[in-house]
Amino acid sequence: MLKIQIPATSANLGAGFDSLGLAVNLYNYVWIGKSDILEISSADGTKIPTDETNLVYVSAKYLFEQCGKKLDGIKILQENNIPMTRGLGSSSACIIAGLYGANLILGSPFNTDELVNIAAKIEGHPDNTTPALLGGIVTSVYEENRKVHWVKQEIYRHLDFFAIVPDFELSTAFARQCLPETVSHMDARYNLARAALFSASLLQGKYENIRIAVTDRLHQPYRMELIPHAQDVFDKTYALGAYGTYISGAGPTIMSIVGTKNYGFEKEVRRYLDESGLETWKIYKLSIDNLGTRVVLE
Ligand code: HSE
């Protein structure tokens with residue numbers, strides 16, 4: 001069996017709705033190998049679908065079909081460390097695992113660009129799937145739901161990413177339904193300037209821009225309503241010196257970008273959550289993963 005490591009991802013990065021995303025060093029592992037039957041199991045007790053609705057399987061089968069082949073059986077074992085339905089790319093990790101594993105099993109008929117396109121097609125937008133595959137911070141444009149134009153940039157700066165993870169799920173489908181159909185020209189301008197500012201500032205180390213760059217008018221104002229206490233948590237992270245705080249993907253995870261020398265940040269956020277009745281919320285201290293999905297040795 002191949003053991004595949006897939007990073008968690010944080011999408012949107014504030015203003016870059018459906019476009020910007022980055023990979024972090026929290027990983028799912030998927031062992032995948034040939035079999036005559038469908039064998040799916042969980043290595044860590046996480047409840048996962050073990051039938052044909054399993055997303056790793058669905059994605060592997062899709063890739064086989066793109067090659068004109070039928071997938072009769074496959075063996076899949078999953079270790080899920082990425083919290084599910086929390087805005088950290090758990091479903092994209094499953095999609096990438098299935099595509100990457102199936103592509104290897106078939107002798108790599110698809111190149112990276114093709115895998116990026118197939119993954120975006122399954123997920124519907126490229127901002128989690130592309131960094132999940134490639135690592136780093138990725139800017140993607142999904143042209144006519146057909147082709148992803150992307151650029152990956154690696155980040156070796158001293159930054160921590162604190163994922164503050166609520167104790168409830170928020171489905172992406174629901175969190176998208178809450179967005180308006182149309183936005184004003186003024187709001188569109190507001191976002192595009194900030195999205196462009198974000199990656200340039202992160203890469204140049206101009207962190208004083210990040211707080212402005214992560215504000216947006218396309219999704220966070222609507223999604224804040226779906227995440228009780230979110231505004232208070234945002235305010236607290238800024239009071240503790242975060243460079244920027246945004247809703248990760250569709251939420252409900254709140255992500256704070258913090259300098260590595262801000263030693264007290266995690267402890268103070270933890271204390272704040274505990275004192276605010278949010279002791280079941282978790283904090284993950286993460287950093288950028290620049291490598292993306294890969295096969296690892298046992
Ligand atoms: N860009 C997507 C959204 C990410 O915000 O809905 C979640 O998958």
Side-chain angles (χ1 to χ4, degrees), residues 6-24 26 28 55-56 58-59 80 82-99 116-134 136-145 148-150 152 161 163-166 168-183 187-188 190-192 194-196 198-199 213-227 230 234 244-255 286 292-293:
I6 317 99
T9 45
S10 181
N12 298 329
L13 310 180
F17 184 72
D18 276 3
S19 173
L20 297 180
L22 54 81
V24 286
L26 172 65
N28 277 2
L55 195 49
V56 178
V58 167
S59 307
N80 288 297
I82 306 172
M84 291 205 252
T85 332
R86 296 295 205 285
L88 287 169
S90 60
S91 59
S92 288
C94 291
I95 292 169
I96 294 298
L99 295 180
V116 163
N117 290 336
I118 297 170
K121 184 160 190 188
I122 296 174
E123 178 77 329
H125 34 85
D127 48 335
N128 285 109
T129 48
T130 319
L133 180 64
L134 305 172
I137 175 170
V138 182
T139 307
S140 310
V141 169
Y142 195 19
E143 187 201 5
E144 291 174 357
N145 287 351
V148 181
H149 300 263
W150 56 267
K152 167 195 168 179
F161 288 76
I164 304 166
V165 184
F168 56 89
E169 300 186 345
L170 182 55
S171 91
T172 297
F174 180 69
R176 289 177 86 82
Q177 273 167 28
C178 300
L179 306 181
E181 285 276 320
T182 56
V183 296
D187 287 353
Y190 183 99
N191 262 65
L192 68 85
R194 282 161 176 76
F198 182 90
S199 24
V214 293
T215 55
D216 97 297
R217 291 191 181 160
L218 299 189
H219 72 109
Q220 292 181 107
Y222 308 96
R223 289 172 168 172
M224 290 294 267
E225 308 286 318
L226 310 175
I227 310 169
F234 269 59
T245 297
Y246 61 90
I247 296 175
S248 182
T253 290
I254 294 165
M255 188 72 93
L286 305 169
T293 294

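Both ligands and their constituent atoms are indexed starting at 1 by order of listing.
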**Prompt:** Between S10 and Y246, does any side-chain donor sit less than 3.5 Å from a side-chain acceptor?
**Reply:** yes

**Prompt:** Which residue and non-hydrogen atom of the protein lie closest to atom 8 (O) of ligand 1, and at what distance in Å?
**Reply:** H125 CE1, 3.1 Å

**Prompt:** A120 and V148: which non-hydrogen atoms are nearest, and at how many Å?
**Reply:** CB-CG2, 3.6 Å

**Prompt:** Considering distance alone, does some N or O of N128 sit under 3.5 Å from an N or O of ligand 1?
**Reply:** yes

**Request:** Taking only heavy atoms of D18 into account, list the atoms of ligand 1 that are under 4.0 Å away from them.
**Result:** 1 (N), 2 (C), 3 (C)

**Item:** Ligand-residue contact atoms, ligand 1 with N12, heavy atoms, under 4.0 Å
**Value:** 1 (N), 3 (C), 5 (O)

**Message:** Considering non-hydrogen atoms of the protein only, which is the closest contact for atom 6 (O) of ligand 1, and what is the distance?
**Reply:** R176 NH1, 2.6 Å

**Asked** Of all the atoms in ligand 1, which lie at a distance below 4.0 Å from a heavy atom belonging to D127?
**Response** 1 (N), 2 (C), 4 (C)

**Request:** Report, in ascending order of atom number, the atoms of ligand 1 lying under 4.0 Å from any heavy atom of F17.
**Result:** 3 (C), 5 (O), 6 (O)

**Request:** List the steps, then state whether side chain to side chain contact (heavy atoms under 4.5 Å, CB included) holds for T9 with L22.
**Result:** CA-CA 5 Å; T9 45; L22 54 81; over 6 Å; no

**Request:** Kindly give the heavy-atom pair with the smallest separation between P252 and I227, and that separation in Å.
**Result:** CA-CD1, 3.7 Å

**Message:** Tell me the contacting part of Q220 for ligand 1: side chain, backbone, both, or neither, using a 4.0 Å heavy-atom threshold, strictly below.
**Reply:** neither

**Request:** State, to 0.1 Å, how close D18 and P126 come at their nearest heavy-atom pair, and which atoms those are.
**Result:** O-CD, 3.7 Å

**Item:** Stacked cation flag R194 on Y190, 6.0 angstrom / 45 deg
**Value:** yes

**Prompt:** Side chain or backbone of T172 under 4.0 Å from ligand 1, or both, or neither, by non-hydrogen atoms?
**Reply:** side chain

**Request:** Please lay out, stage by stage, how S248 and T253 fare under the test side chain to side chain donor-acceptor pair (under 3.5 Å).
**Result:** CA-CA 5 Å; S248 182; T253 290; 5.7 Å; no

